[in-house]
Colleague: 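The structure under discussion is supplied below as structure tokens; questions concerning it will follow.
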Protein chains: 2
Amino acid sequence: MNIGEAARASGITAKMIRYYESVDLIPPAGRTEAGYRTYGERDVDTLRFIRRARDFGMPMDRVKLLVGLWQDKDRPSREVKAIALSQVAALEAKIAELTAMKDALAELARACHGDNRPDCPILSDLAGASFTSAHPGPDRRSGKAGQRFAGKRLA
Amino acid sequence: MNIGEAARASGITAKMIRYYESVDLIPPAGRTEAGYRTYGERDVDTLRFIRRARDFGMPMDRVKLLVGLWQDKDRPSREVKAIALSQVAALEAKIAELTAMKDALAELARACHGDNRPDCPILSDLAGASFTSAHPGPDRRSGKAGQRFAGKRLA
DNA sequence: TATGGGGCTTCCCACTGTGGGAAGGTCAAC
DNA sequence: GTTGACCTTCCCACAGTGGGAAGCCCCATA
């Protein structure tokens with residue numbers, strides 16, 4: 001299988017497969033005489049595994065860990081579960097953060113009559129003029145703490 | 001006020017203030033003879049406004065819109081509310097996506113006994129061997145649809 | 001056998017925001 | 001006049017992903 005077929009079979013673009021190789025998430029693929037990368041069923045399985053893990057919002061380093069455990073037939077399920085649970089915790093933290101934002105903003109929007117008049121509590125709040133609703137925000141003062149998470153834009 | 005004072009007063013780093021200026025989110029600051037940027041109260045207000053808007057997870061382009069409306073004394077509150085509501089929708093979409101991930105992963109973790117034995121449904125599921133739980137994932141096939149959102153990593 | 005089209009290779013650039021740092025100018029206090 | 005804190009610009013990095021160019025390769029068809 002060349003990279004295009006592996007891409008179609010795994011659901012990961014060829015571009016990304018090369019990238020994953022470059023960051024050592026997957027081992028270097030075999031090459032034909034002409035330098036084309038070659039893949040087997042096992043490689044495609046690994047790629048699919050990676051795609052699923054990424055679908056759970058896992059960042060690369062967590063995925064890497066998990067791939068390692070997956071390939072180790074003797075790993076204790078304890079370790080796998082720990083990774084999964086820390087990802088669940090990261091997701092919960094992110095959800096809580098977004099929910100706080102959403103609630104605060106929805107409340108402001110609710111208070112805005114939304115007609116042709118110019119006055120609007122949304123702008124007043126953002127300007128800090130009347131700091132009513134206590135929206136905390138993502139606390140940009142706190143340092144490197146917290147769980148990793150591969151946040152995807154809603155582009 | 002020079003940029004350092006403005007940074008402390010607004011809660012935005014000097015680095016970011018320069019960046020905001022470079023991407024035309026804020027107009028070029030005045031300069032002293034020596035080339036130092038100078039800021040007044042109004043500028044700091046604008047920076048604070050931007051910080052709050054970013055705290056609501058708004059991407060730069062949405063913030064830019066909002067800053068424009070904020071500075072226009074005659075804007076209809078309808079427009080402001082529309083922006084706020086579309087941000088609420090973006091947040092809700094993101095929350096729904098993360099919640100689906102979290103639930104699916106939590107369910108897998110629940111099913112994993114998490115001891116010293118190697119077998120683990122989390123890995124089986126990720127490998128696609130037994131595709132039981134219908135976790136959809138962020139649907140990477142769908143194109144450019146959806147709302148923008150300034151997703152922040154949990155780094 | 002020649003030619004064309006599609007696939008492969010590597011390499012660079014873009015994006016979002018943010019931070020780090022180097023090299024050099026400035027300002028104020030001592 | 002020196003020191004240290006501040007400012008300036010410029011480049012680099014990060015995570016992932018996409019876009020694209022330049023050049024080689026493989027296969028089918030004329």
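Labels below follow one simple rule: chain letters A, B, ... track the order of the sequence lines, proteins then strands, and each chain is numbered from 1. Both backbone and side-chain heavy atoms feed into the values below; hydrogens, waters and symmetry mates do not.
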Colleague: Can you sort out the partners of A:Ile95 under side chain to side chain contact (heavy atoms under 4.5 Å, CB included), two or more places apart, ordered by chain and number?
Modeller: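 Partners of A:Ile95 by the side chain to side chain contact (heavy atoms under 4.5 Å, CB included) criterion, ordered by chain and then number, come out as A:Thr99, B:Ile95, B:Leu98, B:Thr99, B:Lys102.
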Colleague: Just how far, in rounded Å, is C1' of D:dG16 from OH of A:Tyr19?
Modeller: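 My rounded result for the distance is 5 Å.
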Colleague: For nucleotides 23-25 of chain C, print each protein N/O atom paired with a nucleotide N/O atom at under 3.5 Å, atom names and distance only.
Modeller:
unit_1, atom_1, unit_2, atom_2, d
C:dG25, N2, B:Tyr36, OH, 2.8

Colleague: Could you tell me how far apart B:Glu21 (CD) and C:dG17 (P) are, to the nearest whole angstrom?
Modeller: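 B:Glu21 atom CD is separated from C:dG17 atom P by 18 Å.
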Colleague: Roughly how many Å is it from CD in A:Glu33 to P in C:dG7, rounded to a whole number?
Modeller: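 That distance rounds to 23 Å.
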Colleague: Taking 4.0 angstrom as the limit, do A:Glu21 and A:Arg18 come out as a salt bridge?
Modeller: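 No.
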Colleague: How close or far is atom C1' of D:dC6 from atom CD1 of B:Ile3, stated in whole angstroms?
Modeller: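 My rounded result for the distance is 11 Å.
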Colleague: Do B:Thr32 and B:Arg37 have side-chain N/O donor and acceptor atoms under 3.5 Å apart?
Modeller: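 Not at all, the side chains of B:Thr32 and B:Arg37 share no donor-acceptor pair under 3.5 Å.
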Colleague: Taking A:Cys112's backbone N and O only, do any of them form a donor-acceptor pair with B:Lys81's side chain (distance below 3.5 Å, no angle check)?
Modeller: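 Yes, because the side chain of B:Lys81 sits within donor-acceptor range (under 3.5 Å) of the backbone of A:Cys112.
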Colleague: Any base atoms under 4.0 Å from A:Thr32, or only sugar-phosphate, or nothing? Heavy atoms, all strands.
Modeller: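 Here A:Thr32 touches no strand at all.
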Colleague: State whether B:Arg48 and B:Asp45 are salt-bridged, where the test is any N-O pair (Lys NZ or Arg NE/NH1/NH2 against Asp/Glu carboxylate O) under 4.0 Å.
Modeller: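 Looking at B:Arg48 and B:Asp45, the cut-off is met.
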Colleague: Using a cut-off of strictly less than 4.0 Å, decide whether A:Asn2 has a side-chain nitrogen or oxygen near OP1 or OP2 of C:dC8.
Modeller: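 Yes, because at least one side-chain N or O of A:Asn2 sits under 4.0 Å from OP1 or OP2 of C:dC8.
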Colleague: Going by side chain to side chain contact (heavy atoms under 4.5 Å, CB included), name the residues that satisfy it together with A:Asn2, two or more places apart in sequence or in a different chain.
Modeller: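 Testing A:Asn2 for side chain to side chain contact (heavy atoms under 4.5 Å, CB included), a comparison that skips the adjacent residues, returns A:Glu5.
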Colleague: What is the distance, to the nearest angstrom, from the CD1 atom on A:Ile17 to the P atom on C:dG7?
Modeller: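 Going from CD1 in A:Ile17 over to P in C:dG7 covers 14 Å.
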Colleague: Salt-bridge test for B:Arg117 and B:Asp119: reply yes if a basic N is under 4.0 Å from a carboxylate O, no otherwise.
Modeller: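 Salt bridge flag = no for B:Asp119 with B:Arg117.
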Colleague: For the helix from C:dT1-D:dA30 to C:dC30-D:dG1, what is the angle between the axes at its two ends, each from 5 pairs, rounded to 10°?
Modeller: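 Computed from the C1' atoms at both ends, the axes differ by 30°.
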Colleague: What integer distance in Å separates B:Met1:CE from D:dC6:C1'?
Modeller: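 So the two atoms are 16 Å apart, to the nearest Å.
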Colleague: To the nearest angstrom, how far is B:Glu5 atom CD from D:dC6 atom C1'?
Modeller: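 Result: 10 Å.
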Colleague: May I have the step-by-step check of side chain to side chain contact (heavy atoms under 4.5 Å, CB included) for A:Tyr36 and A:Ile3, ending in yes or no?
Modeller: CA-CA 8 Å; A:Tyr36 282 26; A:Ile3 200 171; over 6 Å; no
Colleague: Just wondering, are more than 12 heavy atoms of other shown residues or ligands nearer than 6.0 Å to CZ in B:Arg42?
Modeller: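 Atom CZ in B:Arg42 is not crowded, with 12 or fewer foreign heavy atoms closer than 6.0 Å.
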Colleague: Keeping the roles fixed (side chain from A:Arg51, backbone from A:Asp55), state whether a donor-acceptor pair exists under 3.5 Å.
Modeller: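 Such a contact is absent between A:Arg51 side chain and A:Asp55 backbone.
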Colleague: State which residues pass side chain to side chain contact (heavy atoms under 4.5 Å, CB included) with B:Ala106; sequence neighbours excluded, sorted by chain then number.
Modeller: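 With sequence neighbours excluded, B:Ala106 shows a side chain to side chain contact (heavy atoms under 4.5 Å, CB included) to A:Val88, given in chain and number order.
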Colleague: Does B:Thr13 have a side-chain nitrogen or oxygen under 4.0 Å from the phosphate oxygens OP1 or OP2 of C:dG19?
Modeller: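 It does, given that an N or O in the side chain of B:Thr13 lies less than 4.0 Å from OP1 or OP2 of C:dG19.
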Colleague: Using a cutoff of under 3.5 Å, can you pull out all pairs of nitrogen or oxygen atoms linking the protein to nucleotides 9-12 of chain D, with atom names and distances?
Modeller:
unit_1, atom_1, unit_2, atom_2, d
D:dT9, OP1, B:Arg31, NH1, 3.4
D:dT9, OP1, B:Arg31, NH2, 3.0
D:dT9, OP2, B:Arg37, NH1, 2.9
D:dT9, OP2, B:Arg37, NH2, 2.9

Colleague: For the pair made of CE in B:Met60 and P in C:dC15, what is the distance, rounded to whole Å?
Modeller: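 These atoms are roughly 12 Å apart.
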